[in-house]
Amino acid sequence: MNIKIYNTLSKKKEILKPLEEGHVRLYVCGITSYDWCHIGHARSALVFDMAVRYLRWRGFQVTFVRNFTDIDDKIINRANEQGVDSKELAERFIAEFYTDMDALGALRADIEPKATEHIPEMIALIGQLIERGLAYPAGGDVYYRVRSFADYGCLSGRKFEEMQAGARVDVNEQKEDPMDFVLWKGAKPGEPKWSSPWGEGRPGWHIECSAMSRKYLGATFDIHGGGMDLIFPHHENEIAQSVGANCQPFARLWMHHGFVTVKEEKMSKSLGNFLTIREVLKQWPAEVLRLFLFSTQYRNPLDYNETALRDAETGLDRIYDCLAKIAALDEKAGGVEQPRLSGKEREKIAGLREQFAAAMDNDFNTAQALGQLFDAVKLLNKAARLLLDQPGNAEDLAALRQGAADLRELGAILGLLGQNPADYLRRKKEKLLAAVSLTEAQINELIARRNAARERKDWVASDAVRDELLTHKIEMQDGPEGTTWSVKVL
RNA sequence: GGCGACGUAGCCAAGUGGUAAGGCAGAGGUCUGCAAAACCUUUAUUCAGCGGUUCAAAUCCGCUCGUCGCCUCCA
């Protein structure tokens, strides 16, 4: 088994070989908890949720750590704006984060450390950096002496000269060099503070990840992940801190996911175009959002728009339709001798797991993996149709059931197809019905009227009923089991 | 200005040296009283453009054009 993952550090796909065989240690940068999570956060959460589920499905033990930044300038500023305590604010948005994650069906990380609960670890780490001459106290703050760290820039591919050419860093007289970054900030009046050898203050942003990853995963561990915007400076600085303090390699593989854009622009507070998870889930079920997010490989940018989400929903419906059909087939297993599925078709159904895994092994290529799922749906639909006409052969049914079970098992890796297919379709119908001006009883009455007309072969009357229903966006399907209806989207 | 990514059908999106997955939308057909759903067939001689390497390139190299991101808090 070879799982290849793109490593930002080497700019190549590399075969995943955990330090400890069979055990992957993963650290992901979580949120700064001062505001509602947006769909960019959802992408981050779901990408790593998928990666963890897949690695586990593949038989790895995974230790997944994702932190909360619960002390930071943004939190303090927001708390001041709202006249609340910064700790209270941070706690509140951690709770909201969990609500969102639950709504998305995202697994909890195994360890979810908070920065404020690891101040001693950070202080120890800063102390080590000072000892090694890589950091210096200045006026109540402590800074990292970036030029003393030879590999600075190795992750983002930057060189000092280049960075300085375009640097837009604040002028700060306390720093020896404008590129130096803060490890410890001396407290200003009224700010939250902890005591330290350098006076009262609080940690800089980057130090928490170095301290907490070391505590829970060790100085060197397998994968460190986050959004692409964290490459510089956050992850670059983490490397400087961790390698500088530990004198051994830090994360061996860096995984960075692409952004969600809205109308081709990066979401940002300043542009006012960010969409919260809460808002999006009001409009679309979590599985639709997941299917949408996984329709593109995680490193590529992804544009959020109505059309894309609608397409995703149509696709999801199609898979559930297929599963529901097969479930219904189960109930009328027949005793026909001859299998109707060819050996080749049977093989293809059985090969789904392997095909899916091949796609996922290639840097979690969910787009390709979904393609395999849809291929299987097509095949299963075809087979189900064959069996629907006549009593099924037991072997065929077994193949179909296995195919459906595989579909659901693989879907679960992406957090999809977790619902009972019949329930999913019923719920969807109810939701759509709520937006339509007819009740189910009224619809059934009209259908009965139409069927009576069809009995008489009064096609004019029959079509009139259908047209009437269509004005209410109700569409009928005449099947062997009678007439069913659905709400037409659009 | 520096660094990096991307540009594949109407739209979304795989494919990274061997002759273009998949989804959505569209067209034709089977089924149906007619429909719908499902299924079948079909929709890129071509992968931004131009050169080069190779028996062979969407895939490698160079240049041009275009889009986006990072360099400041950011998933």
Side-chain angles (χ1 to χ4, degrees), chain A residues 8 11 13 28-32 34-35 37-48 72-74 77 153 156-159 161-170 205 225-234 236 256-261 264-270 274 291-292 295-297 299-303 305 307-308 310-316 318-319 321-322 325 355 359 362 365-379 381-386 388-389 453-454 457-460 462-463 466-467 470 474-479 483-486 488:
Chain A
T8 308
K11 296 185 173 31
K13 286 182 194 172
V28 174
C29 290
I31 58 158
T32 298
Y34 74 107
D35 205 346
C37 289
H38 58 236
I39 50 178
H41 296 115
R43 187 178 197 191
S44 175
L46 293 180
V47 161
F48 291 106
D72 165 271
D73 287 352
K74 291 194 293 293
N77 293 339
S156 55
R158 284 159 221 270
K159 299 180 186 75
E161 312 75 63
E162 288 159 358
M163 285 188 279
Q164 257 147 351
R168 286 184 277 165
V169 286
D170 293 340
W205 173 36
M228 272 175 182
D229 52 350
L230 297 182
I231 294 173
F232 190 89
H234 184 53
E236 196 71 74
H256 291 103
H257 68 261
F259 294 120
V260 178
T261 58
E264 310 284 317
E265 269 181 324
K266 183 183 168 183
M267 279 192 300
S268 74
K269 313 254 154 153
S270 53
F274 70 99
L291 182 62
F292 160 70
S295 66
T296 300
Q297 207 265 351
R299 284 190 286 129
N300 295 140
L302 178 63
D303 193 54
N305 59 71
T307 311
R310 205 182 313 126
D311 287 357
E313 185 169 40
T314 309
L316 187 66
R318 213 162 95 82
I319 305 179
D321 257 324
C322 170
K325 212 181 307 173
Q355 301 279 72
N362 184 17
N365 195 332
T366 52
Q368 194 173 30
L370 280 170
Q372 302 295 351
L373 255 35
F374 278 108
D375 263 348
V377 166
K378 188 183 245 185
L379 198 66
N381 268 332
K382 184 181 174 181
R385 188 169 195 259
L386 277 176
L388 203 62
D389 298 340
R454 290 175 70 214
K457 296 198 190 299
D458 182 352
W459 309 128
V460 176
S462 158
D463 290 351
R466 188 172 59 207
D467 290 344
L470 267 176
I474 302 293
E475 209 165 46
M476 281 171 298
Q477 294 97 36
D478 298 327
T483 302
T484 58
W485 58 271
S486 57
K488 202 172 172 178

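Chain identifiers are assigned alphabetically (A, B, ...) following the order of the sequence lines, protein sequences preceding nucleic acid strands; residue numbering begins at 1 within each chain. No experiment lies behind these values; they were computed from the predicted model shown.
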Pairs: protein N or O with nucleotides 23-28 of chain B N or O, under 3.5 Å:
unit_1, atom_1, unit_2, atom_2, d
rG23(B), OP1, Arg318(A), NH2, 3.3
rC24(B), OP1, Arg318(A), NE, 3.3
rC24(B), O2', Asp311(A), OD1, 2.5

Do any N or O atoms of the protein come closer than 3.5 Å to N or O atoms of nucleotides 15-18 of chain B, and which pairs are they?
unit_1, atom_1, unit_2, atom_2, d
rG15(B), OP1, Asn365(A), ND2, 2.5

Restricting to nitrogen or oxygen on both sides, can you table the protein-nucleotides 34-36 of chain B pairs closer than 3.5 Å?
unit_1, atom_1, unit_2, atom_2, d
rC34(B), O2, Arg466(A), NH1, 2.8
rC34(B), O2, Arg466(A), NH2, 2.3
rC34(B), N3, Arg466(A), NH1, 2.6
rC34(B), N4, Asp478(A), OD2, 2.9
rA35(B), N6, Asp478(A), O, 3.3
rA35(B), N1, Asp478(A), N, 2.9
rA36(B), O2', Gln477(A), NE2, 3.3

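Taking atom P on both rU59(B) and rC50(B), the two are 12 Å apart, rounded to the nearest angstrom. Taking atom C1' in both rC47(B) and rG7(B), the straight-line distance is 10 Å, to the nearest Å. The separation of rA20(B) from rA58(B), taken at their P atoms, amounts to 9 Å, rounded to a whole angstrom.
Across all strands shown, rU32(B) forms no Watson-Crick or G-U wobble pair with both key distances under 3.5 Å. Base pairing of rC73(B) is not made with any nucleotide, judged by Watson-Crick or G-U wobble geometry with both donor-acceptor distances under 3.5 Å. Here rA21(B) sits opposite no nucleotide as a Watson-Crick or G-U wobble pair (both hydrogen-bonding atom distances under 3.5 Å). In this structure rC60(B) sits in a base pair with rG52(B), meeting the Watson-Crick or G-U test at under 3.5 Å. In a base pair of the Watson-Crick type (N1 to N3 plus N6-O4 or O6-N4) or a G-U wobble (N1-O2 and O6-N3), with each distance short of 3.5 Å, rA5(B) is matched with rU67(B). Nucleotide rA37(B) has no partner under the Watson-Crick or G-U criteria, as no pair reaches both atom distances under 3.5 Å.
Looking at heavy-atom distances under 4.0 Å, His256(A) makes no contact with the nucleic acid at all. Gly40(A) comes within 4.0 angstrom of a base, heavy atoms only. Base contact: Val260(A) has a heavy atom under 4.0 Å from a base atom. Ile31(A) comes within 4.0 angstrom of nothing in the nucleic acid, heavy atoms only. If you check every strand for non-hydrogen atoms under 4.0 Å, Ala308(A) touches nothing. When heavy atoms are screened at a 4.0 angstrom cut-off, Arg43(A) is found touching no nucleic acid atom at all. At a threshold of 4.0 angstrom between heavy atoms, the contacts of Asp321(A) with the nucleic acid are absent. Lys457(A) comes within 4.0 angstrom of nothing in the nucleic acid, heavy atoms only.
Comparing rC73(B), rA75(B), rC71(B) by their closest approach to the side chain of Thr32(A) singles out rA75(B). When the nucleotides rA38(B), rG4(B), rA75(B) are ranked by their closest atom to the side chain of His41(A), rA75(B) comes out on top. Of the candidate nucleotides rC73(B), rA13(B), rA75(B), rA13(B) has the atom nearest to the side chain of Thr296(A).
Rounded to an integer number of Å, the gap from Phe274(A) CZ to rC73(B) C1' is 14 Å. Between the CD atom of Glu236(A) and the C1' atom of rG4(B) there is a distance of 13 Å, given to the nearest Å. In this structure, the CG atom of Asp303(A) is 14 Å from the C1' atom of rG69(B), given to the nearest Å. Distance CH2 (Trp485(A)) to P (rA37(B)): 16 Å, rounded to an integer number of Å. Atom P of nucleotide rA38(B) and atom CZ of Arg385(A) are separated by 11 Å, given to the nearest angstrom. If you take CG of Leu370(A) and P of rG22(B), they are 14 Å apart, rounded to a whole angstrom. The CD1-P distance, from Ile231(A) to rG2(B), rounds to 20 Å in whole Å. Distance CG (Asn305(A)) to P (rC11(B)): 13 Å, rounded to an integer number of Å.
Here Leu302(A) contributes atom CG and Ile39(A) contributes atom CD1; the two are 8.0 Å apart, rounded to the nearest 0.5 Å. Interatomic distance, Lys378(A) NZ to Arg318(A) CZ, rounded to the nearest 0.5 Å: 7.0 Å. In this structure, the separation between OG1 on Thr307(A) and CZ on Phe292(A) is 10.5 Å, given to the nearest 0.5 Å. We find the CG-CG distance between Leu316(A) and Asp311(A) to be 12.5 Å, quoted to the nearest 0.5 Å.
At a threshold of 4.5 Å between non-hydrogen side-chain atoms, the residues Met228(A) and Arg299(A) count as touching.
Looking at residues two or more places apart in sequence or on another chain, you find no side chain to side chain contact (heavy atoms under 4.5 Å, CB included) involving Pro301(A). In terms of the salt bridge (charged side-chain N to carboxylate O under 4.0 Å, His left out) criterion, residue partners of Asp35(A) (sequence neighbours excluded) are, by chain and number, Arg78(A), Lys269(A). Take Thr32(A) and apply the side-chain hydrogen bond (donor to acceptor under 3.5 Å, both in side chains) test, not counting sequence neighbours, and it matches no residue. Among residues two or more places apart in sequence or in another chain, the side-chain hydrogen bond (donor to acceptor under 3.5 Å, both in side chains) test is passed with Gln297(A) by Asp363(A). Lys13(A) meets the salt bridge (charged side-chain N to carboxylate O under 4.0 Å, His left out) test with no other residue; sequence neighbours excluded. Partners of Asn300(A) under the side-chain hydrogen bond (donor to acceptor under 3.5 Å, both in side chains) rule, at least two apart in sequence or in another chain, do not exist in this structure. Evaluation of the salt bridge (charged side-chain N to carboxylate O under 4.0 Å, His left out) rule for Asp478(A) yields Arg450(A), Arg454(A) as partners, not counting sequence neighbours. Not counting sequence neighbours, Asp375(A) has no partner by the salt bridge (charged side-chain N to carboxylate O under 4.0 Å, His left out) test. By the side-chain hydrogen bond (donor to acceptor under 3.5 Å, both in side chains) test, Ser156(A) pairs with Arg158(A), Glu236(A), sequence neighbours left out.
For rA38(B), the OP1/OP2 oxygens have no side-chain nitrogen or oxygen of Asn381(A) closer than 4.0 Å. Within the 4.0 Å cut-off from OP1 or OP2 of rG69(B), not a single side-chain nitrogen or oxygen of Asn300(A) is found.
Nearest-nucleotide mapping onto RNA chain B: of Ala369(A) and Phe232(A), the residue sitting toward the 5' end is Ala369(A).
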